2 protein chains.
Amino acid sequence: MAKAKAAAERREDALSHDRIVEAAIELLDAEGETGLTFRALAERLATGAGAIYWHVANKGELLAAASDAIIGRAMAGVATHASPQKTIRGIALGVFDALDAHPWAGALLSRGPWQTGMLQVLERIGRQLQALGVPERAQFTAASTLVSYIFGESDQNATNGSSHSRTASRDEFLGVLAARWEALDAREFPFLRSIAPRLRHHDDRAEFLAGVDIILAGLAASPRKPRSH
Amino acid sequence: MAKAKAAAERREDALSHDRIVEAAIELLDAEGETGLTFRALAERLATGAGAIYWHVANKGELLAAASDAIIGRAMAGVATHASPQKTIRGIALGVFDALDAHPWAGALLSRGPWQTGMLQVLERIGRQLQALGVPERAQFTAASTLVSYIFGESDQNATNGSSHSRTASRDEFLGVLAARWEALDAREFPFLRSIAPRLRHHDDRAEFLAGVDIILAGLAASPRKPRSH
DNA sequence: ACCTGAACACCGTTCAAGT
DNA sequence: ACCTGAACACCGTTCAAGT
C-alpha cells in the first residue's frame with residue numbers, strides 16, 4: 001500500500017498537493033491573480049478540473065498554500081549568521097523581494113488567522129530579538145510590530161510595482177505619481193505636496209530598510225535592555 | 001440642465017455614485033465580501049444590474065470607493081488638538097477601529113497605487129511629524145513607515161477578528177491559537193512556543209498602540225537623516 | 001483511492017433597446 | 001443623459017460514474 005503510493009508519486013503525471021501548488025504558482029506568476037483557474041490548472045496538469053479537489057479543499061486553501069510556499073522559499077535563503085540586526089534586515093528583505101517577485105502572494109495577509117508563512121517570519125524575527133536582548137515581555141509586541149510593518153510595506157510596494165511594467169519605466173511611474181501629488185489641493189494636502197518632489201528619486205528597498213531601522217531604534221530606545229555588544 | 005440634475009438628485013430613488021457606494025457598504029457590512037454582488041446591489045437599489053455601470057466603472061472601483069469612504073469617515077472623527085504623539089495615536093486607532101468594524105475594507109491595501117483613503121492618513125500623519133520636528137528629508141520615510149504599520153497590523157487584526165463571532169468568545173479564539181502554538185515543533189518554533197502563553201491575555205488595541213509607540217520612539221532616537229543611495 | 005468531465009449555480013460585464 | 005434586463009462569457013464547486 002505504502003509502496004503503491006510511493007510508486008504512484010514517482011510517476012511524473014501523478015497528482016499531488018505539491019505538484020498542484022507548484023503549477024498554481026507558475027500560473028500565478030505567468031498570468032497574475034486572474035490567471036489561476038481550476039480549468040486552466042486542470043489543463044496544465046492534464047487532468048479534469050474536479051480531480052484537483054481530491055487534493056485541495058478549495059481555491060482559498062490553494063492560494064494560501066502557494067503564498068506560504070513563496071515565503072517559505074524566501075526564508076530558506078536568508079543568511080542567519082550575521083548580527084541580529086543584520087539578520088533581521090535580511091529576513092525583511094527576503095519578504096520584500098519575495099512579494100515583489102510574486103505580488104499575488106500579498107493576499108496572504110488577508111487569509112485566515114496567522115498563516116504558516118507569516119508564522120515562519122515571526123519565529124525568525126523573534127529569535128533575533130531574543131539574541132538582541134529584548135526583555136521577554138516585550139518580545140511579542142516587538143516581533144509582531146516588525147512583522148506587520150514588513151508585510152504591510154512589502155505588499156504595498158508589490159502592488160504598486162506590478163502596476164507598471166517590470167523592466168520599463170519605474171521612474172516614469174514615480175514621476176506621474178509625484179505630479180499627481182503636486183497637483184493636490186494646497187489647503188487639504190500640504191504635507192503630500194511638500195514631499196512630492198522627493199518621490200522622483202525614491203529607492204523602495206532603501207526606504208523599506210530605513211523603516212526597519214526606525215523600529216529597531218525604537219526597540220533599543222524604549223525599554224531598558226542588557227548592555228551587551 | 002443643472003437644475004434638472006439637481007432635481008433628479010433630490011429624488012430619493014435617483015441613482016448616484018454616492019448612493020451606490022452607500023448601498024455597497026451596507027451590503028458588505030451585512031453579508032461580508034461575498035455579499036457584494038451587482039445583482040444584489042441592483043435589487044437593493046431597485047434597478048437593473050447594468051444601471052450601476054453608468055455611475056461606476058467596475059467592481060474594483062466600487063470596492064475601492066467603499067473602502068476610501070470608511071477611512072474618510074474614520075479620519076473625520078479624529079481629534080487633532082492634542083499633542084502630536086497623541087494625535088498620531090488617535091489617527092492610528094481610527095484606522096484600527098474602522099477596519100475592525102469593516103474587515104472587508106482591508107483589501108484597500110491591495111488596490112491600485114496609493115488609494116485616497118491611505119493618502120488621507122499619510123497626510124495627517126505627516127503633518128504631525130512636522131509638528132514633532134522630524135527633519136524634512138526624514139519625513140516621508142517616517143510617515144510611510146507608520147502608515148504601513150498601521151494598515152498592516154489593523155488589517156491583520158481585522159481578518160483575525162472576523163473569524164470568530166463578534167460578541168462571543170474572543171478569549172476562546174485566543175486560547176485555541178495559544179494551544180496551537182504550544183503544540184508546534186520545539187526545535188522548529190522555539191520562540192513561538194515560548195510566547196504562546198502570553199497570547200491568552202492579549203489586548204489587541206493596547207498591543208497595536210505599543211507598536212505605534214515603538215516607531216515613535218525610534219523616530220525620536222534617530223533624528224539623523226537616513227543615508228540615501 | 002483516485003480520477004473524469006458534465007452539470008449546477010452562480011458571477012461581472014456588455015449592449016441593444018427604451019425613456 | 002440615464003436606465004432596463006436579457007444575454008454572454010466566464011467562474012468555483014459538486015457528484016455520479018468510472019478505474
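First the proteins, then the strands, lettered A, B, ... as listed; each starts at 1. All values reported here derive from a predicted model rather than from experimental measurement.
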Note to self: List the residues meeting salt bridge (Lys or Arg N to Asp or Glu O under 4.0 Å) with A/E61, not counting sequence neighbours, and say none if there are none.
What the structure shows: none
Item checked: Closest non-hydrogen atom pair, A/I25 against A/A66 -> CG1-CB, 3.9 Å
Next item on the list: Return no unless some side-chain N or O of A/W54 is found under 4.0 Å from OP1 or OP2 of C/dC3.
Entry: no
Checklist line | Nearest heavy atoms of A/A24 and A/L41, plus distance in Å | finding: N-CD1, 3.7 Å
Check: Which residues, if any, of residues 24-32 of chain A bring a heavy atom under 4.0 Å of DNA chain D?
Finding: none
Short heteroatom pairs, N/O only, protein and nucleotides 17-19 of chain D, under 3.5 Å:
none

Notebook entry, point to check: In dot-bracket, 5' to 3', how would DNA chain C read with Watson-Crick or G-U wobble pairs under 3.5 Å, [ ] for crossing ones and | for pairs to another strand?
Noted result: ||.|||||...|||||.||
Next item on the list: Ignoring backbone atoms, test whether A/H55 places a side-chain nitrogen or oxygen under 4.0 Å from the OP1 or OP2 oxygen of C/dC3.
Entry: yes
Checklist line | Given A/L93, A/V95, A/D100, the one that forms side-chain contact (heavy atoms from CB on, under 4.5 Å) with A/S154 | finding: A/V95
Checklist line | Minimum-distance pair of heavy atoms, taken over all atoms of A/L192 and B/L119 | finding: CD1-O, 3.8 Å
What's touching nucleotides 13-15 of chain C from the protein side, N or O pairs under 3.5 Å?
{"from": "C/dT13", "atom 1": "OP2", "to": "B/Y53", "atom 2": "OH", "distance (Å)": "2.8"}
{"from": "C/dT13", "atom 1": "OP2", "to": "B/K59", "atom 2": "N", "distance (Å)": "2.9"}
{"from": "C/dT13", "atom 1": "O5'", "to": "B/Y53", "atom 2": "OH", "distance (Å)": "3.1"}

Next item on the list: Might you point out which heavy atoms bring B/R200 and B/A179 nearest each other, and give the distance in Å?
Entry: NH2-N, 3.9 Å
Check: Which pair of non-hydrogen atoms, one from B/G117 and one from B/I71, has the smallest distance, and what is that distance?
Finding: O-CG2, 3.5 Å
Next item on the list: Determine the minimum heavy-atom distance between A/A74 and A/G94, stating which atoms define it.
Entry: CB-O, 3.7 Å
Next item on the list: Keeping to residues at least two apart or across chains, list the ring pair (Phe, Tyr, Trp, His ring centres under 6.0 Å) pairs with something in residues 35-55 of chain A.
Entry: A/F38-A/Y53
